[in-house]
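Encoded as structure tokens, the structure appears first; notes follow it.
Here the structure is a predicted model, which is why all the values come from computation and not from measurement. Counting convention: from 1, in listed order, for ligands and their atoms alike.
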Amino acid sequence: MMLKGKVALVTGSTSGIGLGIACKLAAAGANVMLNGFGDAEAALASVAAHGGRVLHHPADVSDPEQIAELVSQTERQLGTLDVLVNNAGIQHVAPIEQFPVERWDAIIALNLSSVFHTTRLALPGMRQRNWGRIINVSSVHGLVASVQKAAYVAAKHGVIGLTKTVALETATTGITCNALCPGWVLTPLVQQQIDLRNQALGDTERATRELLMEKQPSLDFVTPEELGELTLFLCSDAARQVRGVAWNMDGGWLAQ
Ligand code: NAD
């Protein structure tokens, strides 16, 4: 129960990686504020099964005003904010000349600017207590590019730059800031990309295998649970000098 008495906020935690991380934080004793769209009741039930107090706030974290409300409600309802996991993210796949301007703006607002807003709002309380953990879910696409993902790759590289800056600005405190860089994780975000490939192939198994073969040498998906365990390590005392890293968990993607 390493996080007993601590409060965690995980953006985009009604599904996928965020939900997996929230479950691990709850199992480690944290009270958790969930956020995200879709089936909030199901997410609440699955996180609550691990123990602790669990609430959900429906803020759209591409909107700075709603982010302010999310952070202040977390502090008001759960008492504090000690662990901030910036996880909410979306994807759009298109060549740059055809990339819809509205999708670019939406991806930058959600995948990058939201991290700036939650961080600037969470830091004052963390500084007062001289303890905090900020974990930004970037991507291997924060370190290398792929075609047709201009906004996502730009935003995820930006998250790593922001992570390093926050790590330096808090370097002499008990607050750390780090990024996770997952390879393929089989969530709704990736399922959409498999479905796109499948439109041409008409064979889901083959579409999945080809997606993995292109980038991920292990030919196996990373799981939300594994990313949750890495998050717990970054929350631990042993990780107190891990600052400003972009930690890939990617089945060998970046080793190539
Ligand atoms: P997902 O689609 O399963 O989950 C996304 C979550 O974000 C959901 O809870 C959704 O409701 C929420 N969300 C979407 N728009 C939101 C908004 N405007 N405001 C608040 N919440 C919003 O996706 P995932 O694969 O679990 O992705 C989570 C994070 O991990 C993203 O930042 C993504 O870029 C990153 N990532 C995913 C993979 C992968 O292979 N799945 C790899 C690397 C990085």
Original post:
Do Ser146 and His141 have side-chain atoms, one donor and one acceptor, less than 3.5 Å apart?
Top reply: yes
Original post:
Going by atom types alone, do Ser138 and Asn136 pair a side-chain donor with an acceptor below 3.5 Å?
Top reply: no
Original post:
Who are the residue neighbours of ligand 1 when the rule is a heavy atom under 4.0 Å from any of its atoms?
Top reply: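 Lining ligand 1: Gly12, Ser13, Thr14, Ser15, Gly16, Ile17, Asn35, Gly36, Phe37, Ala59, Asp60, Val61, Asn87, Ala88, Gly89, Leu110, Val137, Ser138, Ser139, Tyr152, Lys156, Pro182, Gly183, Trp184, Val185, Thr187, Pro188, Leu189, Val190.
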**OP:** Would you please name every residue forming a side chain to side chain contact (heavy atoms under 4.5 Å, CB included) with Gln77, sequence neighbours left out?
**Re:**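 In terms of side chain to side chain contact (heavy atoms under 4.5 Å, CB included), with neighbours along the sequence ignored, Gln77 is linked to Leu55, Gln73.
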**OP:** Go through the structure and list residues passing ring-ring contact (aromatic ring centres under 6.0 Å, His included) with Phe116, not counting sequence neighbours.
**Re:** none
**OP:** Under the ring-ring contact (aromatic ring centres under 6.0 Å, His included) rule, collect the residues that match up with Phe233, sequence neighbours excluded.
**Re:** Trp247
**OP:** Measure the CD-CZ distance between Gln148 and Phe99 for me, rounded to the nearest 0.5 Å.
**Re:**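 Separation between the atoms: 9.5 Å.
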